Amino acid sequence: MAKNKFHTGPGPSQRQLRVGELIRRRLSDVLAHGDVHDPDLNRMSITVSEVRTSPDLKVATAYVLPLGGDHAPEALEALNRNRSELRRTVAKGLALKYSPQLRFVLDDTFDRMDATRRMFSEERVQRDIAASHDDDDGH
């Protein structure tokens, strides 16, 4: 298979982004409608925030988080337990040459955002920000 001569950057190609978004939507629909035959998984409300695909589109890593972040290890275990059924069900709704292998990772984006907010609210950081604004204004 030829390399994409238009994609030279270190990030994902347009095709990877497009396929990742298609898989994310389809996986979200499958989980929302309870199309998997696992009562534990169907009881959970799981958010699929992002899906990243490998350059050959054969592996798709889904970043997931149960609603409210509660029972995250149990959700991850249930998803991994049903990985092959999810793969088949997701692939049915997509017109891809290969059905990508699904991998599930807990999404820690919200935790990182909270940590960043806490850091910016610290008095020491606020002082540094105010000082840098004073320097920019020429004071």
Side-chain angles (χ1 to χ4, degrees):
M1 181 177 229
K3 286 266 187 203
N4 182 349
K5 64 183 174 185
F6 301 109
H7 179 66
T8 57
S13 68
Q14 283 298 312
R15 182 167 184 184
Q16 284 176 273
L17 293 172
R18 216 172 34 249
V19 170
E21 181 59 17
L22 288 172
I23 294 169
R24 186 195 69 76
R25 287 183 189 167
R26 178 72 180 128
L27 182 59
S28 293
D29 288 345
V30 167
L31 292 172
H33 294 121
D35 293 341
V36 178
H37 299 95
D38 184 336
D40 294 335
L41 189 58
N42 291 334
R43 272 194 292 272
M44 298 178 196
S45 181
I46 298 175
T47 301
V48 183
S49 57
E50 181 182 6
V51 173
R52 294 181 189 168
T53 60
S54 61
D56 62 3
L57 306 178
K58 291 186 179 182
V59 177
T61 304
Y63 292 84
V64 298
L65 191 67
L67 189 63
D70 297 333
H71 309 292
E74 293 88 349
L76 196 59
E77 195 266 317
L79 288 166
N80 283 318
R81 186 174 59 237
N82 293 286
R83 182 186 317 225
S84 60
E85 186 178 354
L86 285 165
R87 180 180 184 180
R88 277 191 308 277
T89 308
V90 167
K92 271 189 224 172
L94 302 174
L96 297 174
K97 188 173 184 179
Y98 298 103
S99 170
Q101 175 189 353
L102 295 176
R103 295 183 181 163
F104 299 99
V105 176
L106 289 176
D107 188 359
D108 66 346
T109 304
F110 298 108
D111 293 338
R112 286 186 284 135
M113 284 176 22
D114 287 343
T116 303
R117 276 192 206 102
R118 278 194 301 276
M119 180 186 70
F120 277 117
S121 67
E122 291 177 8
E123 185 180 328
R124 167 181 61 85
V125 175
Q126 288 294 319
R127 242 188 346 261
D128 290 346
I129 291 171
S132 75
H133 283 297
D134 290 344
D135 291 345
D136 290 343
D137 294 338
H139 294 100

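Keep in mind that what you see is a predicted model, and the values were worked out from it rather than measured. Throughout, residue positions are numbered sequentially from 1 according to the sequence presented. Note: hydrogens, waters and symmetry copies are ignored here, and every other heavy atom, side chains too, is used.
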Problem set entry | Hydrophobic cluster partners of Tyr98 (side-chain heavy atoms under 4.5 Å) | none
Problem set entry | Approximate separation, where rounding is to 0.5 Å, of Asn42 CG and Leu31 CG | 8.5 Å
Seminar exercise, completed: Across all chains, not counting sequence neighbours, the side chain to side chain contact (heavy atoms under 4.5 Å, CB included) partners of Arg18 are Gln14, Arg15
Problem set entry | Heavy-atom pair of closest approach, residues Ala72 and Pro66 | CA-CG, 3.6 Å
Exercise. In Å and rounded to the nearest 0.5 Å, what is the CG to CZ distance from Leu79 to Arg103?
Worked result: 15.0 Å
Seminar exercise, completed: Apart from Val105 itself, members of its ILVMFWY cluster (side-chain separation under 4.5 Å) are Tyr63
Exercise. For the residue pair Gln16 and Pro12, what are the closest heavy atoms and their distance?
Worked result: OE1-CA, 3.5 Å
Seminar exercise, completed: With sequence neighbours left out, the residues meeting side chain to side chain contact (heavy atoms under 4.5 Å, CB included) with Asn80 are Leu76, Arg83, Phe104
Problem set entry | Residues clustered with Leu67, ILVMFWY side-chain links under 4.5 angstrom | none
For this session: Any chance you could measure Leu22, atom CG, to Leu27, atom CG, to the nearest 0.5 Å?
Result: 12.5 Å
Exercise. How many angstroms lie between atom OG1 of Thr53 and atom CZ of Arg24, to the nearest 0.5 angstrom?
Worked result: 13.5 Å
For this session: Check the pair Glu50 / Asp107 against side-chain contact (heavy atoms from CB on, under 4.5 Å), numbers first and verdict last.
Result: CA-CA 9 Å; Glu50 181 182 6; Asp107 188 359; 5.9 Å; no
Exercise. Measuring from Leu102:CG to Thr61:OG1, what's the distance to the nearest 0.5 Å?
Worked result: 9.0 Å
Exercise. Are Leu86 and Val19 co-members of a hydrophobic cluster defined by side-chain heavy atoms under 4.5 Å apart?
Worked result: yes
Problem set entry | Nearest non-hydrogen partners of Val48 and Ser28, listed with the distance | CB-OG, 3.5 Å
For this session: Dump the intermediate steps for side-chain contact (heavy atoms from CB on, under 4.5 Å) on Ile46 and Leu65, then the final yes or no.
Result: CA-CA 6 Å; Ile46 298 175; Leu65 191 67; over 6 Å; no
Problem set entry | Of all pairs that satisfy side chain to side chain donor-acceptor pair (under 3.5 Å), the ones with a partner from residues 84-97, not counting sequence neighbours | His37-Glu85, Arg87-Ser99
For this session: First locate atom CG of Leu57, then atom OG of Ser13, and finally report the distance between them rounded to the nearest 0.5 Å.
Result: 7.0 Å
For this session: Examine Leu94 and Val51 and state if one hydrophobic cluster contains both, with Ile, Leu, Val, Met, Phe, Trp and Tyr joined whenever side-chain heavy atoms are less than 4.5 Å apart.
Result: yes
